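The structure appears right after this line, and notes come after that.
Residue numbers start from 1 in every chain, and the chains themselves are labelled A, B, ... in the order their sequence lines are given, proteins ahead of strands. The model shown is predicted, which means the values in this text are computed figures rather than measured ones.
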Amino acid sequence: MSKTPTDNTLQAIISHAKEYGFVFPSSEIYDGLSAVYDYGPYGSQLKKNIRDYWWNSMTQMNENIVGIDAAIFMHPTTWKASGHVDSFSDPLIDNKDSKKRYRVDHLIEGHAEKLIEEAAKAGDAGDELRKRADKLIADMDALFANDDFAGLKKIIEDNKIHCSVSGTGNWTEIRQFNLMFSTELGSVAEEASTIYLRPETAQGIFVNFLNVQKTARMKIPFGIAQTGKAFRNEIVARQFIFRMREFEQMEMQFFIKPGTQKEWYEYWKNERMNWHLSLGIPAEKYRYHDHVKLAHYADAALDIEYEFPFGFKEVEGIHSRTDFDLSRHQEFSKKKMQYFDTEINQHYIPYVIETSVGLDRLFLLILSNSYEEETINKEDGTTDSRVVLHLPAKIAPNKLAILPLTKKDGLPELAKELMNDCKKSFHCFYEEKDAIGKRYRRQDAIGTPFCVTIDHQTKEDGTVTIRHRDSMGQERIPMSQVKALVLEAINK
RNA sequence: GCGAAAGUAGCUCAUUUGGUAGAGCACGACCUUGCCAAGGUCGGGGUGGCCGGUUCGAGCCCGGUCUUUCGCUCCA
């Protein structure tokens, strides 16, 4: 079986990420752990730079957005209020013949809808069918409330609900997949002490809404930003670091006056896309995907999708969450989650627009977009190749490589002088081993935007050669101007 | 979770019917060199993913298992 080009691209990126210290399989000496990955020296730095760029674009560039860092552990009631305990654990059933998997509630509801359709055709005689459909739904809800899986399976069998693909009623047992990881707080494993690893970071923002609003003296509209780990026990976690069980989110919840959600939804939709484009990613690699079927908390939702080597996939979600979360926390905690608006002299529970990016997905996006196996036509007519990461200068792990042409004649001393000056301002890399061309290629492979070569002429007139990663072009500039040139490129 | 393919050195891969593993690149030392993956010498690195079976003998055959990729499914 031949591989498609896209297979090769993702494979090449995975190999490159491992070989150059960006991403390793977790616990690799023990054969790895499914869908868990570790970030290496350059990977962790790149990830941090992406996170910092996002954080600054939120909290530094907007006077009305502040940050928090909430704990991963939260009071168990948080997840009852958010709806995660109920809707994050869907019982599933498989058809043994077609191998298709269904959510049990979808399967039974689908059958009920079919009964109602038949009832409509049958006219007056359809009353019986309508009653059956209603009873079916009522029975299902009752069984769900008691977690009675055996009873649910009996419903499926009694009603002769069949798989739409195989047409058979040959079902497996119903199984529950709880997508939240749980553990015990305290040394005694009692029911009451069960807590969850957060499946999203957003709730840490909602429960702190009043703390933040009061202490930072925020006035609506304002936002709270947070980055941090979240955990989901995905049934299927795949495609490298795209879907992991432990992942990092960068979320900003923007609190607004009820009734203004449409305009703020549009505002953040554009704002966030512009942010992505500011990383130099071509616009045609992005698209919006509007949600038709909305989550329980949203009145509008869309994904920003990027064309990965394996197709268009979600990178960021923008949700109009209404006052669902704050209302639910008010209900469950019995604490008022209201804001007093001095402009209209009224209390209200704010509405929320959420922007939520997967940091690991963004990392993969940037790696995919930057990775190039380039063929170079040399002056003598022969061709050469290089692997280069066209990382934006502002997020590249190394900003500048300082390379003395030889390791003698006092060139290393001059190079280290420059190194000591520049490393206070940004990440530099120093190397005197191997031929200069080889050192250039190594820096290309990890995406270093600039290389500076110290040669014999430097000793005479204080100039150096600066080499640009993408064009491979070189120019001669005074050594004293190197730092300013790199800083300008980073801050652009 | 189902189906398909794969797993040999850090990376990319050889080893064609079973006979105790090689190359290129990478890595370390030294010599020569000095502006786009230079040359030479020497060296380190693999219980062939793991476990078991068949066999006098298994990287190769068989079973199981783990991991990865692809398709389906799932992704509030």
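Residue pairs meeting the ring pair (Phe, Tyr, Trp, His ring centres under 6.0 Å) criterion with at least one partner in residues 431-454 of chain A, sequence neighbours excluded, are A:Phe450-A:His468. Among residue pairs with one or both ends in residues 294-311 of chain A, those qualifying as salt bridge (Lys or Arg N to Asp or Glu O under 4.0 Å) are A:Arg287-A:Glu305; sequence neighbours excluded. Contacts classified as salt bridge (Lys or Arg N to Asp or Glu O under 4.0 Å) and involving residues 457-476 of chain A (residues at least two apart or in different chains) are given here: A:Asp444-A:Arg467, A:Asp455-A:Arg476.
Rounded to an integer number of Å, the gap from CD of A:Gln239 to C1' of B:U73 is 13 Å. Computed from coordinates, the A:Leu405 CG to B:A38 P distance equals 14 Å when rounded to whole Å. Atom-to-atom, CG of A:Asp409 to C1' of B:U33 comes out at 12 Å; the value is rounded to the nearest Å. Atom NE2 of A:His456 and atom C1' of B:U33 are 12 Å apart (whole Å). In this structure, A:Asp38 places its CG atom 13 Å from P of B:U68, rounding to the nearest Å. In this structure, the CD atom of A:Glu314 is 14 Å from the C1' atom of B:C74, given to the nearest Å.
Within residues 467-490 of chain A, the residues approached by RNA chain B to less than 4.0 Å at the level of any non-hydrogen atom are A:Arg467, A:Met472, A:Gln474, in residue-number order. For the contact set between residues 440-448 of chain A and RNA chain B, defined by any heavy atom under 4.0 Å, the members are A:Tyr440, A:Arg441, A:Arg442.
Applying the side-chain hydrogen bond (donor to acceptor under 3.5 Å, both in side chains) rule to A:Arg272 yields the partners A:Glu316; only residues at least two apart in sequence or on another chain are considered. With sequence neighbours excluded, the residues satisfying side-chain hydrogen bond (donor to acceptor under 3.5 Å, both in side chains) with A:Thr201 are A:Gln249, A:Glu251. Checked against ring pair (Phe, Tyr, Trp, His ring centres under 6.0 Å), A:Phe240 has the following partners two or more places apart in sequence or in another chain: A:Tyr37. By the side-chain hydrogen bond (donor to acceptor under 3.5 Å, both in side chains) test, A:Lys47 pairs with A:Glu248, sequence neighbours left out. Scored by the side-chain hydrogen bond (donor to acceptor under 3.5 Å, both in side chains) test, A:Lys48 finds A:Asp52 as partners (sequence neighbours excluded).
Of the side-chain N and O atoms in A:Ser34, one or more sit less than 4.0 angstrom from OP1 or OP2 of B:U68. For the OP1/OP2 pair of B:A26 and a distance below 4.0 Å, the side-chain nitrogens and oxygens of A:Lys438 include at least one atom meeting the criterion. Taking side-chain N and O atoms only, A:Lys18 has no distance below 4.0 Å to OP1 or OP2 of B:G10. Neither OP1 nor OP2 of B:U33 sits under 4.0 Å from any side-chain N or O of A:Thr406.
Within the shown strands, nothing qualifies as a pairing partner of B:A58 under the Watson-Crick or G-U definition with both distances less than 3.5 Å.
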Distances under 3.5 Å only, N/O to N/O: pair up the protein atoms with those of nucleotides 46-51 of chain B.
residue, atom, partner, partner atom, Å
B:G49, O2', A:Asp31, OD1, 3.3

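When each of B:C35, B:A76, B:U68 is scored by its nearest atom to the side-chain atoms of A:Gln11, the top-ranked nucleotide is B:U68. For A:Ser15, counting side-chain heavy atoms from C-beta on, the closest listed nucleotide (B:U12, B:C27, B:C70) is B:U12.
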Determine all donor-acceptor pairs shorter than 3.5 Å in which one atom belongs to a side chain in residues 402-414 of chain A; sequence neighbours excluded.
residue, atom, partner, partner atom, Å
A:Thr406, OG1, A:Lys408, N, 3.3
A:Thr406, OG1, A:Lys408, O, 3.2
A:Asp409, OD2, A:His456, NE2, 2.9

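With hydrogens and angles disregarded, no donor-acceptor distance shorter than 3.5 Å links the side chain of A:Arg232 to the backbone of A:Met244.
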